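Below is one structure, written out as structure tokens; comments come after it.
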There are 2 protein chains.
Amino acid sequence: MSSHQRKMPLYVQIKNKMIHNVNEEIWPPGESIPSESQLMAQYNVSRTTIRQAVRDLVQAGILETRRGAPTKVRQQPQENMENPGVIHHELGEEMAVKILRAENRLPHYFAKSQLHISEDEEVYVLERLRLADQKPIAFQQLFMPKDIGEKVHDKAEVDFDLFPHLGRYNIHYSTIKENVSASNATRYEADLLGITPGEALIDIERITLGMDQQPIEYSRTKYLPASFHYRIEIGS
Amino acid sequence: MSSHQRKMPLYVQIKNKMIHNVNEEIWPPGESIPSESQLMAQYNVSRTTIRQAVRDLVQAGILETRRGAPTKVRQQPQENMENPGVIHHELGEEMAVKILRAENRLPHYFAKSQLHISEDEEVYVLERLRLADQKPIAFQQLFMPKDIGEKVHDKAEVDFDLFPHLGRYNIHYSTIKENVSASNATRYEADLLGITPGEALIDIERITLGMDQQPIEYSRTKYLPASFHYRIEIGS
DNA sequence: ATTTATTTGTACGTATGTATC
DNA sequence: GGATACATACGTACAAATAAA
């Protein structure tokens, strides 16, 4: 124990020892920890002190108390502490990408308005399928300003997420706006995804802004609900 | 004070009185509250009891303590506890709620496992419709521990969002986990929502944890895509 | 189904430490 | 320095829920 610990309040020292016991799985997840009486004897402190340490750990989501029953170590102690809060998770083992179309086009009124591109400028259009274990799970339409699109053109069939590549050209995003909805698969989409028309799809519309607040991407991706998790976590 | 209060623990009763004092601005924001000694005399309880009540209110973000200094009422008590970039937006002018079912039930295996409720305990079940301009836009199934459900029971047909009411009982959430997906309307759901079976719905599954990290709500809400926006904004 | 022992929760009292004013 | 206020820590007793006999 560091001398740093010695001047700390007793209950904090005990709390730290308890955290150690949990981390080293001396107290395994889901198992009961010693009773308050036992802990009092073990650490030679009063019940007040034990209870204050335990209370803090319950608050931290590490322990779990129930009146009359032994105190337990919580099963999943807040898993990913570093969650940015939004988790996209594609389900499957072998992930792959298939390009349906990749070209510069003039007419695409809506996409161009989203990208703040003038009427007479070209836009880079990408249509792709996301495959998991050789089976399609998503259909994506993606639009970028022509100059940016050319930079990722040859990576488009390797990675579904293209932004890491843009980073190499010193293009970074500052803001991502997503609108999550649901839609029925059209005949065209159903055909591509190997489902029947009308099945529900998770419909994600996304606009990504660069450092200069100018749009660098507008996309629409439709996932099979069974193969995709869109999770949000608010709070700590 | 209702007789309902009398059987509650002393420190909870005191806590509720304190919350009342804060809400009614008998203790105005930013101002000091009476010292522990004064509160002991005023309520005729021990210091332990006062401290437990105060501790909970500090944890809830309502009070603020500093060693050696008087305890104060926090200026902005978790006003913007919500939305670090997550926006739910229901489209419509005249919003209303219709209750389909509201009762305590025993059998609901999945919901109870989500709420960490034991097999022989009852769970509060709420089924509601969300109406916008007299037309249904969402169907919600909501489960709560019985004691919490009873607190919002009479507000359930007034407000779709029940958490502000729970705040008055000093029940606050610490974490909200949402899983957004899409599903096809069943015949039952289609009938309730006035659409045809099979239409795509935004399917939101939510688990809310309280300050003690225990689940206080598990719900599943299905929205008509045309009447609901689920927006995420990552970054600044 | 009852009882009994165990375990956590509530509540009291007292003393001392330490930061603020 | 002194007075005040919150923080830590000890002790005791009983209540309430649980689990085992």
Side-chain angles (χ1 to χ4, degrees), chain A residues 4-18 27 30-74, chain B residues 4-18 27 30-74 112 116-122 145-147 170-171 210-214:
Chain A
H4 185 255
Q5 285 269 29
R6 300 214 183 285
K7 57 190 165 193
M8 301 192 74
L10 248 182
Y11 78 92
V12 176
Q13 296 179 38
I14 295 193
K15 194 167 69 175
N16 289 336
K17 287 178 185 175
M18 289 177 168
W27 294 347
E31 293 296 303
S32 302
I33 72 170
S35 73
E36 291 176 356
S37 324
Q38 290 172 306
L39 292 170
M40 285 167 68
Q42 181 176 339
Y43 295 124
N44 196 32
V45 295
S46 74
R47 189 164 171 224
T48 314
T49 306
I50 296 293
R51 280 185 67 74
Q52 182 151 2
V54 170
R55 183 195 309 130
D56 282 13
L57 294 180
V58 169
Q59 168 53 37
I62 294 172
L63 297 181
E64 191 172 21
T65 60
R66 242 169 76 229
R67 183 187 214 136
T71 298
K72 290 184 200 164
V73 179
R74 284 197 55 167
Chain B
H4 186 255
Q5 284 270 29
R6 302 215 183 285
K7 59 189 166 193
M8 302 190 74
L10 248 183
Y11 78 92
V12 175
Q13 296 179 39
I14 305 246
K15 195 166 70 173
N16 288 335
K17 287 178 185 173
M18 289 176 169
W27 294 347
E31 293 296 303
S32 301
I33 72 169
S35 73
E36 292 176 354
S37 322
Q38 290 173 306
L39 292 170
M40 285 166 70
Q42 181 177 339
Y43 295 124
N44 196 33
V45 296
S46 75
R47 183 151 177 241
T48 314
T49 306
I50 295 293
R51 281 185 66 75
Q52 183 153 0
V54 170
R55 184 195 308 132
D56 282 13
L57 294 180
V58 168
Q59 170 51 37
I62 294 172
L63 298 181
E64 193 173 18
T65 59
R66 244 170 70 229
R67 182 184 215 137
T71 299
K72 290 185 202 163
V73 179
R74 280 191 55 169
K112 287 204 276 197
H116 294 180
I117 286 179
S118 67
E119 192 54 38
D120 55 343
E121 236 177 311
E122 281 188 323
K146 186 182 172 189
D147 55 332
N170 198 31
I171 299 174
M211 287 299 175
D212 54 358
Q213 305 300 319
Q214 294 300 306

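Heavy atoms only: backbone and side chains are in, while hydrogens, waters and symmetry mates are out. Convention: sequence-line order gives letters A, B, ...; per-chain numbering from 1. What you see is a predicted model, and the numbers here were worked out from it, not measured in a lab.
Closest-nucleotide positions on DNA chain D for A:Gly68 and A:Ser46 were compared, and the one nearer the 5' end corresponds to A:Ser46. Residues A:Ala69 and A:Leu10 each lie close to DNA chain D; by heavy-atom proximity, the contact nearer the 5' end of the strand is made by A:Leu10.
Here the closest heavy-atom approach between residue A:Gln42 and residue A:Pro34 is recorded as OE1-CG, 4.5 Å. Closest heavy-atom contact between B:Gly30 and B:Lys72: O-CD, 3.6 Å. When all heavy atoms of A:Asp56 and A:Lys15 are compared, the pair lying nearest together is OD2-NZ, 3.1 Å.
Within the nucleic acid shown, B:Thr48 comes within 4.0 Å of at least one base atom, counting heavy atoms only. Within 4.0 Å of A:Val45, counting heavy atoms only, lie sugar-phosphate atoms of the nucleic acid but no base atom. Counting non-hydrogen atoms under 4.0 angstrom, B:Ser37 reaches nothing in the nucleic acid. At a threshold of 4.0 angstrom between heavy atoms, the contacts of B:Ser35 are confined to the sugar-phosphate backbone, with no base atom among them. As judged by a 4.0 angstrom heavy-atom cut-off over every strand, A:Thr49 is placed among residues touching the sugar-phosphate backbone only. Contacts of A:Arg66 with the nucleic acid, taken as non-hydrogen atoms under 4.0 Å apart, involve only primed sugar atoms and P, OP1 or OP2.
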Legend entry - Full working for side chain to side chain contact (heavy atoms under 4.5 Å, CB included) between B:Ile33 and B:Leu39: CA-CA 9 Å; B:Ile33 72 169; B:Leu39 292 170; 4.2 Å; yes

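Rounded to the nearest 0.5 angstrom, A:Arg51 CZ and A:Ser46 OG are separated by 11.0 Å. Between B:His116 atom NE2 and A:Glu64 atom CD the span is 6.5 Å, to the nearest 0.5 Å. Atom CE of A:Met18 sits about 4.5 Å away from atom CH2 of A:Trp27, to the nearest 0.5 Å. Rounding to the nearest 0.5 angstrom, the gap separating the OG1 atom in B:Thr48 from the CD atom in B:Glu36 is 10.0 Å.
Taking a heavy-atom distance under 4.0 Å as the criterion, the stretch of DNA chain D touched by chain A extends 5' to 3' from D:dT8 to D:dA19. Along DNA chain C, read 5' to 3', the first and last nucleotides having any atom under 4.0 Å from a heavy atom of chain B are C:dT10 to C:dC21.
With a 3.5 Å ceiling on both atom-pair distances, the Watson-Crick or G-U wobble partner of C:dG17 is D:dC6.
Put simply, the side chain of B:Gln13 gets close to the backbone of B:Met8: a donor and an acceptor are under 3.5 Å apart.
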